[in-house]
Amino acid sequence: MNAGLISNIMIIVVAITAVSSFVIPNPEMSNVIRLLRFPLMLAAATFGLIGVVLCTFIIVMHLIKLESFGTPYLSPVAPLDRKKLKDTFIRFPMWVLERNTLLTSNKHKSKKR
Amino acid sequence: MNNSTLLGKTQLFWFFVHAQIGVGLFSLSNSIYTYAKTDGWLSLLIAALFVQAVLYCLYRLNKHFPDDTLYTIIEKVLGKFISKFVLVGLIVHFIVIASFVLKGFTQLIAIWILNLTPEPVFLLLFLFTCLTMLMAPLTLMGRVLVLTAPIILLIPLVGSYAFIYGDYLNLLPLGLSDSQGILDGITASLFAINGFITIAIVMPYVEGTPKEKYKVISSAHWSVAIIYIIVFLTSLLTFSHGEMKLLPEPYLYMIKSFSLTLIERLDLIFLSIWSISIITTYVIFVYCGAVGLMRIFGTTRYRVIAIITVILTTIPNLTQISTYQYEHLLNVVNVPSAYFTFLLPLLLLIITKLRRIKGPSSLKKYLFASQYSC
């Protein structure tokens with residue numbers, strides 16, 4: 001009860017991380033997050049928040065450098081494309097979509113419905 | 001020089017904004033206030049007009065030499081012998097500004113966040129982060145600059161809270177300082193606005209006609225000017241005359257006074273996030289210096305030269321100087337670098353017109369460029 005091993009905020013942080021780890025559907029992706037957690041933890045322990053920010057910047061920089069099949073990994077965001085940004089963050093249901101999304105983009109308009 | 005386009009127009013916009021807004025932002029209000037008092041916004045506006053004139057010169061130069069960076073323009077206009085000196089001067093300017101940015105960052109962090117950590121330790125972390133960005137080609141740099149753009153927008157957003165509770169009477173004694181004071185205010189603001197010359201180095205790699213680029217750059221420049229004026233005015237609104245004289249970074253002190261229910265010390269979190277913006281400023285200056293060094297040594301080995309440039313900027317940072325000495329040094333460097341960056345494009349343009357140096361066959365190029373942008 002009162003051992004004083006960890007603070008209140010630590011419990012909140014651990015709870016939030018535990019709950020938010022269920023958001024990631026793919027086990028491989030959650031493994032990546034688990035591995036990336038260690039350098040971030042190291043940076044946080046040594047430099048505090050500024051270490052976390054700089055370490056996150058390094059990771060983002062790496063993600064920006066990645067390319068898969070010629071398409072940048074962070075495609076609609078990192079080379080910013082406002083038109084393609086439409087269906088990335090909030091995707092409407094299929095019956096609302098009149099045109100194709102980014103991944104299935106053809107030159108032609110797809111049929112309605 | 002090939003005509004390959006590496007940057008888009010949005011990327012050019014944010015390139016300019018990131019080059020301008022860096023570590024100088026926090027000390028800006030105080031350094032202007034010491035000279036121009038409450039008329040500081042006027043000297044900021046006048047400085048912005050000067051910069052606009054220089055940008056026009058750069059636009060005319062770019063129109064005349066659409067495929068050339070500033071370095072090759074200098075070589076073409078000034079001849080082989082003189083151009084070497086100017087090139088070295090320009091590179092020294094970039095390196096000196098970059099090392100000042102680095103020193104300003106380490107001092108800011110040492111004062112505000114990591115009091116007890118020795119400076120070289122987090123300098124290493126910072127430089128390592130910079131190297132990951134610096135080693136990327138220009139296209140990727142442009143993507144990072146757009147991605148980190150919201151951080152710039154944080155300043156006016158957070159600062160505008162001061163417009164709600166601030167004391168508007170603090171603005172009032174208008175016309176207090178004479179013209180000399182306002183001019184001194186302009187020179188004091190120079191460290192914050194001397195990033196504009198970097199734009200001339202990436203200009204040929206941007207898509208679009210010279211006129212479109214000029215429009216983008218002008219809009220970027222005026223948004224930077226508006227952000228600076230907002231920062232200055234919010235600091236004035238929050239602090240009285242006596243406080244403004246004492247505070248070295250009024251903007252940070254102002255944020256420190258905001259306490260939200262969830263976040264207690266907004267300034268520490270803001271400063272941590274803000275370090276990314278300082279990274280981008282530093283990287284842009286080092287990139288420009290490295291491109292110049294490559295030009296002088298005649299190599300194409302960008303990575304080696306970039307690391308050498310980083311080391312060159314780091315060496316002055318290992319000496320221990322106090323904040324007062326830093327400000328003094330800044331004032332010493334500001335004036336010659338200002339003459340350099342303001343007069344160089346003007347002189348280049350005048351000499352080009354007088355000597356009637358021909359650019360590449362102009363008409364066809366423009367047709368090609370306009371086709372390409374569509």
Side-chain angles (χ1 to χ4, degrees), chain A residues 7-13 15-17 19-20 32 35-86 88-90 102 107, chain B residues 6-11 13-14 105-106 108-110 112-118 121-137 139-151 262-280 283:
Chain A
S7 60
N8 295 336
I9 198 80
M10 186 73 187
I11 295 171
I12 296 172
V13 168
I16 289 174
T17 46
V19 170
S20 54
V32 168
L35 277 179
L36 281 179
R37 200 177 283 162
F38 293 110
L40 275 172
M41 242 184 318
L42 203 71
T46 45
F47 295 102
L49 185 59
I50 195 158
V52 173
V53 169
L54 292 183
C55 207
T56 316
F57 185 78
I58 293 174
I59 293 169
V60 168
M61 199 59 229
H62 175 68
L63 289 182
I64 284 173
K65 280 179 189 171
L66 283 182
E67 267 186 9
S68 64
F69 299 108
T71 338
Y73 184 68
L74 296 176
S75 181
V77 183
L80 188 67
D81 197 331
R82 284 190 207 85
K83 279 174 196 163
K84 289 174 184 171
L85 211 58
K86 246 183 302 186
T88 45
F89 287 112
I90 301 167
L102 169 67
K107 290 276 167 71
Chain B
L6 299 174
L7 291 177
K9 270 177 240 158
T10 325
Q11 289 170 344
F13 184 93
W14 290 110
F105 171 76
T106 48
L108 213 59
I109 298 300
W112 282 84
I113 300 178
L114 302 169
N115 294 316
L116 299 173
T117 317
V121 175
F122 57 82
L123 195 67
L124 269 181
L125 176 74
F126 183 79
L127 287 178
F128 183 69
T129 320
C130 286
L131 275 179
T132 56
M133 184 176 170
L134 199 60
M135 288 302 137
T139 35
L140 297 187
M141 265 190 227
R143 286 175 198 171
V144 183
L145 295 179
V146 177
L147 198 67
T148 53
I151 295 167
L262 204 64
I263 304 167
E264 191 78 14
R265 289 289 298 274
L266 196 59
D267 55 327
L268 296 185
I269 291 168
F270 182 82
L271 202 55
S272 304
I273 297 171
W274 185 250
S275 61
I276 287 177
S277 178
I278 298 172
I279 288 174
T280 52
V283 165

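Since the model is a prediction, treat every value here as computed from it, not as a measurement. In the text below, chain A, chain B and the rest are named by the order of the sequence lines, each starting its count at 1.
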Item to check | Contact check, side chains of B/L124 and B/F128, non-hydrogen atoms, under 4.5 Å | outcome: no
Next on the checklist: Please find the pair of heavy atoms, one from B/L147 and one from A/A78, that lie closest to each other, and give the distance.
Outcome noted: CD1-CA, 4.5 Å
Checklist entry - Sequence neighbours excluded, which residues qualify as side-chain hydrogen bond (donor to acceptor under 3.5 Å, both in side chains) partners of B/T280? => result B/H18
Checklist outcome for this item: Ranked by heavy-atom pairs below 4.5 Å to chain A, first place among B/L140, B/T139, B/T148 goes to B/L140
Item to check | Inter-chain contacts: residues 40-48 of chain A against chain B, heavy atoms under 4.5 Å | outcome: A/F47
Checklist entry - Relative to chain A, which segment of B/L145 carries a heavy atom at a distance below 4.5 Å: side chain, backbone, both, or neither? => result neither
Name the atoms and distances for all side-chain donor-acceptor pairs under 3.5 Å in residues 54-69 of chain A, with sequence neighbours left out.
from	atom 1	to	atom 2	distance (Å)
A/T56	OG1	A/V52	O	2.5
A/K65	NZ	B/T132	O	3.0

Next on the checklist: Which atoms of B/V146 are under 4.5 Å from chain A, going by heavy atoms: the side chain, the backbone, both sets, or neither?
Outcome noted: side chain
Next on the checklist: So for B/I279, is it side chain, backbone, both, or neither that comes closer than 4.5 Å to the heavy atoms of chain A?
Outcome noted: side chain
Next on the checklist: Other residues, nucleotides and ligands only: do more than 12 of their heavy atoms fall within 6.0 Å of CG on A/N8?
Outcome noted: no
Next on the checklist: In the structure I gave you, are the side-chain heavy atoms of B/L268 and A/L49 within less than 4.5 Å of one another anywhere?
Outcome noted: no
Next on the checklist: Quick check: do B/D267 and B/L271 have side-chain heavy atoms less than 4.5 Å from each other?
Outcome noted: no
Next on the checklist: Checking A/R37 now: which residues fulfil salt bridge (charged side-chain N to carboxylate O under 4.0 Å, His left out) with it, not counting sequence neighbours?
Outcome noted: none
